[in-house]
Amino acid sequence: MKGLSKSRYTAFCQCPKNLWLKVYKPEEATVDAGVQTRFEQGNVVGDLAMQLFGDFKEAHAESPDGRLDLATMVEQTRQWMEEGVENIAEASFSFEYNGMSQYCAVDILRKTPDGWAIYEVKSTSFPEFNGQESKLEKYAPDIAYQKWVLTQCGVHVAGTYLVCLNSDYVRHGDLDIQQLFVVNDMQVMVDNEYLKVPARVNQALKVLKSDQEPDLDLSECCMKPYGCAFWNYCKQQHGVLSPSVFDVYGGKGKGGFTFKKKLDCYHQKLVSFEDLRSTNIGSIQNMQIEAALTGKEFINPAGIRKFLEKLTYPLYFLDFETMQDAVPQYDGAKVYAQITFQYSLHIKERSDEIRESHNDGRTLRMKVGKQPIHKEYLAPSDGKDPRRALAEHLCEDIPKDVCVLAYNKMFECSRIRELAALYPDLSDHLTNIAEHIIDLIDPFRAGDYYVPAMGGSFSIKSVLPALFPGDPELDYHNLDDRCQNGGDAMTIFPRIQFMEPDEAEASREALKRYCKLDTWAMVKVWEKLKEKAGVI
Ligand code: SF4
């Protein structure tokens with residue numbers, strides 16, 4: 001029987017039930033849309049890291065059915081170690097323990113004067129840990145397991161390291177592999193973890209051999225160190241039906257309704273919205289619960305008016321699309337840089353004509369007339385750096401000192417400031433645009449307008465269908481399948497350069513329609529706010 005591997009061991013460390021479900025009920029896992037992208041990026045990073053120490057050999061073999069032939073990879077590793085190969089990638093080891101074969105592959109195994117050093121490669125970036133090296137600890141169990149397997153196979157492990165991307169690295173010219181990666185010595189953390197491995201392995205093997213699903217309650221482990229793929233399955237098993245405490249708006253900062261606070265409620269049997277109704281967990285959270293239970297809208301016209309008074313005509317509704325590579329492709333880019341390749345812009349001039357309409361017995365007076373103008377930019381699909389031309393077009397399309405609206409503006413502001421830092425001659429204009437961006441999400445986050453269908457989320461993808469239910473013009477699902485969300489845009493744009501002309505053209509059209517809907521959606525949301533606040 002197949003025993004443990006790195007991923008099985010770390011699954012057990014998170015939660016024994018996670019390991020059991022992974023083996024016996026893998027179909028219950030919820031795989032998020034970004035998994036494939038992260039997997040592909042991990043492969044790119046892993047392949048580059050193999051070159052970190054110069055020449056290397058990579059253990060790799062496939063059986064006729066296309067699966068990895070682990071036995072041959074173990075044999076390749078053994079031979080190369082005997083021959084004194086200095087660097088072995090995917091160095092594979094296996095041994096029998098308790099009637100099961102225990103396996104691990106070391107990303108890079110490096111010969112040292114004292115023995116062999118293990119280098120685990122992660123495509124995460126190091127400044128994630130800046131000043132908080134303790135965050136590296138989550139990788140220690142994985143490396144400790146590798147050290148245990150190698151030791152059991154008679155290999156003297158002389159060092160344990162974590163290789164991750166250096167987010168201080170800025171590419172200039174050819175990729176500098178030595179600067180791209182940061183090597184962290186994990187010895188203290190791994191030695192600490194190493195002592196726990198034998199007992200954990202024995203417990204994990206018991207779980208593997210059992211046909212009984214472990215009976216474990218929801219806990220902090222479900223999100224630590226990673227969000228568990230079996231979360232939806234386990235929630236359901238424990239009778240948690242949506243909407244529940246786990247669907248309540250989390251908010252930001254210290255006062256947020258964190259996962260830990262939600263768990264506390266769960267353990268106090270405050271699970272359904274009915275249970276939570278009499279609690280005081282936060283004004284927005286209480287509003288969400290009340291709205292869901294009563295079907296009522298919450299509107300604070302004075303709050304909305306205060307927001308609208310900050311806006312000045314003409315209004316520029318702006319939205320960016322970006323792509324992101326773990327390894328920087330272009331000069332001046334860092335690891336995981338967001339490379340902006342497209343924007344959509346709706347421009348609304350002041351209207352003069354006043355039109356009356358009637359709603360719920362009320363007479364509404366709206367200024368109408370001038371339809372918003374649409375402008376857009378989509379970089380050529382030639383694989384070249386799209387940023388300079390985009391920045392120039394942006395400065396042509398948005399004059400200085402105008403009122404720009406973005407939804408969740410942090411994203412647009414950050415991209416514009418990055419462009420400003422990259423192109424000093426455009427910096428003044430770009431910085432001016434960023435300084436004049438107002439966030440259309442503000443009235444929703446402030447609780448000035450809430451409808452039950454928002455479901456505790458203020459993203460435009462939740463707000464739009466909640467405010468315009470059933471409107472086919474505003475339904476992202478009615479767009480071309482090729483591009484219906486930001487993730488699709490991020491994936492499809494870099495691939496267009498390799499497509500046949502017809503498919504490339506259709507994909508570019510799909511991108512344009514998607515991005516245009518993002519800013520049109522903002523125009524509609526702004527109009528709805530005006531209507532609710534009685535502003536003409
Ligand atoms: S969701 Fe929680 S209880 Fe269920 S397997 Fe994952 S970590 Fe364990």
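Counting convention: from 1, in listed order, for ligands and their atoms alike.
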Subject >> Pairs flagged by ring pair (Phe, Tyr, Trp, His ring centres under 6.0 Å) wherever residues 263-298 is involved - sequence neighbours left out >> reply: Phe246-Tyr266
Original post:
Strictly by modelled atom types, are Tyr450 and Asn300 linked by a side-chain donor-acceptor pair under 3.5 Å?
Top reply: no
**OP:** Determine the minimum heavy-atom distance between Phe93 and Cys153, stating which atoms define it.
**Re:** CB-SG, 4.1 Å
Original post:
Does the side chain of Asp142 come under 3.5 Å of the side chain of Thr10 through a donor N or O and an acceptor N or O?
Top reply: no
Subject >> Heavy-atom donor-acceptor pair, Lys6 side chain to Tyr145 backbone, under 3.5 Å >> reply: no
**OP:** Please determine if Asp247 and Lys262 form a salt bridge, counting it only when a charged side-chain N lies under 4.0 Å from a carboxylate O.
**Re:** no
Subject >> Under 2.8 Å from atom 6 (Fe) of ligand 1 - protein N/O/S, by chain and number >> reply: Cys228 SG
